[in-house]
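In what follows, a single structure is set out as structure tokens and then discussed.
All values below were derived from every heavy atom in this structure, side-chain atoms included, with hydrogens, water molecules and symmetry-related copies excluded.
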Amino acid sequence: TIKPTEMTGLSAQELLYRLFHQHSVKIMPPCPVHFACSCSRDRTGQALKSIGAKEIESILAEQKEIVMDCEFCSTHYSFNRRDIEQLYNPSNNSAPIHH
């Protein structure tokens with residue numbers, strides 16, 4: 001156990017030794033931390049397609065567009081009927097969802 005004063009008064013090496021002296025602990029050099037989300041409109045569209053055309057059609061009939069938010073970076077992606085049609089047939093902008 002570590003006392004609150006030890007948390008702020010001891011170096012990282014000293015804390016590690018006190019807590020884990022029975023193990024071989026190796027301190028690695030620090031490296032920068034950065035946030036990078038891998039979301040994209042294309043990936044979000046592919047996820048949307050996975051719910052199926054029938055469910056997509058139902059949402060569009062009710063709401064006129066489908067809005068999806070990335071839970072990691074809070075980017076908002078909005079898909080209207082034309083966007084959905086392009087997901088199902090990227091080479092033809094006027095193709096209907098159902099054939």
Side-chain angles (χ1 to χ4, degrees):
T1 60
I2 297 291
K3 297 175 185 163
T5 55
E6 293 174 311
M7 290 291 290
T8 57
L10 297 175
S11 70
Q13 291 84 354
E14 291 173 302
L15 282 174
L16 286 172
Y17 179 77
R18 288 188 183 192
L19 291 171
F20 304 105
H21 61 275
Q22 68 276 19
H23 302 287
S24 294
V25 176
K26 183 176 181 180
I27 298 176
M28 305 301 286
C31 62
V33 176
H34 69 281
F35 174 79
C37 187
S38 62
C39 78
S40 69
R41 183 168 181 82
D42 183 55
R43 288 182 69 166
T44 305
Q46 293 307 310
L48 183 59
K49 279 176 64 174
S50 72
I51 69 169
K54 192 173 189 178
E55 182 67 21
I56 290 172
E57 183 61 36
S58 173
I59 296 169
L60 286 174
E62 183 181 314
Q63 300 177 12
K64 306 299 183 217
E65 72 176 354
I66 299 172
V67 178
M68 296 177 69
D69 300 329
C70 176
E71 294 291 325
F72 297 104
C73 69
S74 299
T75 299
H76 305 284
Y77 297 98
S78 178
F79 296 87
N80 60 26
R81 182 168 299 281
R82 184 174 179 175
D83 297 327
I84 298 298
E85 289 170 351
Q86 282 188 298
L87 282 176
Y88 279 90
N89 192 353
S91 63
N92 183 358
N93 293 342
S94 62
I97 293 176
H98 300 291
H99 296 165

Query - Any side-chain heavy-atom pair of D69 and T75 under 4.5 Å - result: no

Requested in this report: Working to the nearest 0.5 Å, report the span between CD1 of I66 and CD1 of I56.
Outcome: 5.5 Å

Report task. Would you name the heavy atoms of C39 and Y77 that are closest together and state the gap between them? Result -> SG-OH, 3.0 Å

**Report entry** From CA spacing to verdict: side-chain contact (heavy atoms from CB on, under 4.5 Å), E62, E57
**Finding:** CA-CA 9 Å; E62 183 181 314; E57 183 61 36; over 6 Å; no

Requested in this report: Check the hydrophobic clustering (I, L, V, M, F, W, Y; side-chain heavy atoms under 4.5 Å; chains of links allowed) and say if M7 and L16 are grouped together.
Outcome: yes

Query raised in the report: Who are the side chain to side chain contact (heavy atoms under 4.5 Å, CB included) partners of S38, not counting sequence neighbours?
Result: R43

Query raised in the report: How long is the gap from CD on E85 to CZ on F79, to the nearest 0.5 Å?
Result: 14.0 Å

**Report entry** Side-chain (T44) to main-chain (S40) donor-acceptor, under 3.5 angstrom
**Finding:** yes

Query raised in the report: Mind checking whether L10 and T5 have side chains closer than 4.5 Å, heavy atoms only?
Result: no

**Report entry** For L60 against N80, the heavy-atom pair lying closest together
**Finding:** CD2-C, 4.2 Å

Query - Other residues, nucleotides, ligands: >12 heavy atoms within 6.0 Å of E71 CD - result: no

Query raised in the report: Yes or no on side-chain contact (heavy atoms from CB on, under 4.5 Å) for D83 and R41, after CA distance, side-chain angles and deciding distance?
Result: CA-CA 11 Å; D83 297 327; R41 183 168 181 82; 3.1 Å; yes

Report summary line: What one should report as the nearest heavy-atom pair of C37 and F72 is SG-CB, 4.0 Å

Query raised in the report: Between K49 and E55, is there a side-chain N and carboxylate O pair less than 4.0 Å apart?
Result: no

Report task. Mind listing the closest non-hydrogen atom pair of S78 and E65 along with its distance? Result -> OG-OE1, 2.6 Å

Report summary line: Residues Q46 and L87: closest non-hydrogen pair is NE2-CD2, 4.4 Å

Let me check something: any side-chain donor-acceptor pairs from residues 18-35 under 3.5 Å, sequence neighbours excluded? List them with distances.
from : atom 1 : to  : atom 2 : distance (Å)
R18  : NH1    : E6  : OE2    : 2.3
H21  : ND1    : Y17 : O      : 3.4

